[in-house]
Amino acid sequence: MDTPTPHAPTDAGGRAVRRRRRVRLVVVLVVFLLVTGTISAAVAKYRGCQQPPPATGSAVVFPIPSGATGKDVVAALDQQGLIRCGGFVGNLLLRGTGKAGKILAGTYDLRVGMSLDEIVSVITTPPPKVPTVRLTVPEGLRISTTYPGERSISSVVAGQTGLSAKTFASLADSGRYRLPPFLPRSAGTAEGFLFPDTYQLVKKGLTADVVIRRMLTQFQTEAKSLDLAGGATKLGLTPYQVVIVASMIEREAQVEGDRAKIASVIYNRLAKGMSLGIDATLLYDDPTPDGKLSTSDLKRDTPYNTRINAGLPPTPIASPGRASLDAALHPANTRYLYYVLCPPDGAGVHRFATTLHQHDVNVQQCLG
């Protein structure tokens with residue numbers, strides 16, 4: 001019996017194997033070239049983004065709002081042409097500076113052509129401290145000092161800022177300031193409208209005019225938040241008249257609980273055509289300026305003597321604070337026509353009455 005002879009591998013099968021190997025090699029080579037090309041392009045892109053845009057010398061005012069993120073800043077820088085790339089690469093470059101979390105809100109002057117490092121240095125550096133003056137004006141003061149030692153807005157301003165008290169008072173009383181609809185053209189003085197508050201004022205270039213305008217601006221802010229104009233209309237008064245009432249409340253009230261009740265007395269008396277009888281108004285125009293009222297002072301016929309003249313005095317007699325303005329706008333609902341300071345009831349407390357007889361009893365009990 002013949003033994004079969006084994007068949008040798010065919011040439012066709014070998015060629016197929018070699019073809020598959022070549023294809024795999026080509027695929028690997030193509031993938032390698034694509035990856036290498038992509039990486040090279042990415043590196044070139046990255047290096048290009050690191051470069052600042054061409055310097056044009058153009059100045060750009062660049063605001064950064066409070067709460068802005070690094071991503072927000074990069075987008076804004078890109079939009080204004082201050083960096084070459086925004087998006088992912090721009091954010092990557094910003095993080096690479098190590099200062100992405102140190103950006104400060106503010107408004108900055110930048111130039112086209114600055115490098116990212118230079119820009120970041122600017123927007124992460126706190127601005128130099130500006131020398132300021134702290135001014136605290138308490139409630140209830142008038143503009144001018146009328147007798148030696150009297151505390152006034154002008155004396156407080158002079159003491160805390162070094163400005164001339166005389167110049168400040170003269171300017172505030174010059175009639176040049178307007179604050180519609182609160183301070184009318186006809187007022188002739190800013191009395192009552194220099195809002196009592198604490199102010200931080202830039203020391204350089206500080207003048208009496210700067211201080212006055214800053215205080216008037218604060219009054220306007222407070223008046224709008226209280227709806228002074230709308231409240232005055234509801235009361236049948238002008239905003240200026242409400243400020244006059246508030247100034248009297250400020251000078252008369254010594255405890256918070258009395259403000260709205262004193263306001264009710266003023267409005268009740270005005271409604272009845274009675275004189276207000278508030279000596280603080282006459283002290284504002286004291287015939288013998290010494291901080292006290294003599295018997296002859298009480299008889300002097302002046303528009304500020306509310307003992308003998310009905311109605312409101314012609315101007316505010318002091319600068320009221322927010323609480324007194326609020327009380328003037330929202331008086332207590334009472335029938336009170338009288339009040340007297342009553343030490344037995346507590347320091348600075350007033351006792352109120354609806355009739356003259358009740359008031360006389362209160363005077364006897366409170367003042368002896």
Side-chain angles (χ1 to χ4, degrees), residues 52 55 57-70 72-77 79-83 94 97-139 141 143 151-174 176-179 182-183 190 193-225 319 321-322:
S58 299
V60 177
V61 177
F62 187 73
I64 300 179
S66 179
T69 64
D72 297 330
V73 172
V74 166
L77 288 170
Q79 185 179 21
Q80 297 198 42
L82 290 163
I83 58 176
L94 177 62
T97 66
K99 297 182 178 180
K102 299 179 181 180
I103 295 172
L104 302 172
T107 300
Y108 300 91
D109 294 322
L110 304 178
R111 298 185 319 278
V112 176
M114 294 175 71
S115 69
L116 181 61
D117 284 339
E118 289 173 327
I119 291 173
V120 170
S121 177
V122 171
I123 65 178
T124 59
T125 301
K129 290 186 177 181
V130 178
T132 60
V133 174
R134 185 181 177 90
L135 171 65
T136 299
V137 178
E139 295 86 350
L141 300 185
I143 290 173
R151 198 179 187 198
S152 64
I153 296 175
S154 59
S155 70
V156 169
V157 169
Q160 296 182 25
T161 69
L163 296 172
S164 164
K166 184 177 180 180
T167 298
F168 182 92
S170 176
L171 197 59
D173 280 328
S174 67
R176 70 174 60 183
Y177 297 101
R178 308 283 181 268
L179 199 64
F182 312 112
L183 178 59
F193 292 84
L194 303 183
F195 194 78
D197 205 346
T198 295
Y199 300 91
Q200 206 72 28
L201 305 166
V202 177
K203 190 173 183 179
K204 185 177 180 180
L206 188 63
T207 64
D209 179 69
V210 169
V211 177
I212 291 169
R213 291 186 185 279
R214 178 67 185 85
M215 297 179 78
L216 289 174
T217 298
Q218 188 60 35
F219 179 93
Q220 187 172 45
T221 299
E222 300 290 339
K224 287 183 176 179
S225 71
S319 282
R322 183 182 177 90

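Below, all heavy atoms of this structure are taken into account, side chains as well, without hydrogens, waters or symmetry copies.
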Would you mind writing out the side-chain donor-acceptor pairs for residues 57-67 within the sub-3.5 Å range, not counting sequence neighbours?
residue : atom : partner : partner atom : Å
Ser58   : OG   : Thr56   : OG1          : 3.0

Pairs of donor and acceptor atoms involving the side chains of residues 121-135, under 3.5 Å and at least two apart or interchain, shall be tabulated with distances.
residue : atom : partner : partner atom : Å
Thr124  : OG1  : Val120  : O            : 2.6
Thr125  : OG1  : Ser121  : O            : 2.4
Thr132  : OG1  : Gln200  : NE2          : 3.0

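- Annotation: side chain to side chain contact (heavy atoms under 4.5 Å, CB included) contacts of Glu222 (sequence neighbours excluded): Phe195, Gln218, Ser225, Arg322.
- Residues forming a side chain to side chain donor-acceptor pair (under 3.5 Å) with Arg176 (at least two apart in sequence, or on another chain): Ser174.
- Judged as a ring-ring contact (aromatic ring centres under 6.0 Å, His included), and not counting sequence neighbours, the contacts of Phe193 are Phe219, Tyr240.
- Thr69 meets the side chain to side chain donor-acceptor pair (under 3.5 Å) test with Asp72; sequence neighbours excluded.
- For the side chain to side chain donor-acceptor pair (under 3.5 Å) test, no residue two or more places apart in sequence or in another chain qualifies with Tyr199.
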Please list, one pair per line, the donor and acceptor atoms closer than 3.5 Å that link side chains of residues 97-110 to other protein atoms, with sequence neighbours excluded.
residue : atom : partner : partner atom : Å
Thr97   : OG1  : Leu94   : O            : 2.5
Thr97   : OG1  : Lys99   : N            : 3.3
Tyr108  : OH   : Leu104  : O            : 2.8

>> For Val210 and Thr207: C-alpha separation, side-chain torsions, deciding distance, then whether side-chain contact (heavy atoms from CB on, under 4.5 Å) applies.
In response: CA-CA 5 Å; Val210 169; Thr207 64; 3.2 Å; yes
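- Annotation: the span from Glu118 atom CD to Leu82 atom CG amounts to 12.0 Å, rounded to 0.5 Å.
- By the 4.5 Å heavy-atom criterion applied to side chains, Val137 and Leu194 are not counted as neighbours.
- Contacts classified as salt bridge (Lys or Arg N to Asp or Glu O under 4.0 Å) and involving residues 205-215 (residues at least two apart or in different chains) are given here: Asp209-Arg213.
- Under the 4.5 Å side-chain criterion, counting only non-hydrogen atoms from C-beta, Pro138 is in contact with Arg151.
- Evaluation of the side chain to side chain contact (heavy atoms under 4.5 Å, CB included) rule for Ala169 yields Ile143, Ser144, Ser154 as partners, not counting sequence neighbours.
- Sorted by first then second residue, the side-chain hydrogen bond (donor to acceptor under 3.5 Å, both in side chains) pairs that include residues 160-172, not counting sequence neighbours, are Ser164-Thr167.
- For Asp117, there are no side chain to side chain donor-acceptor pair (under 3.5 Å) partners, not counting sequence neighbours.
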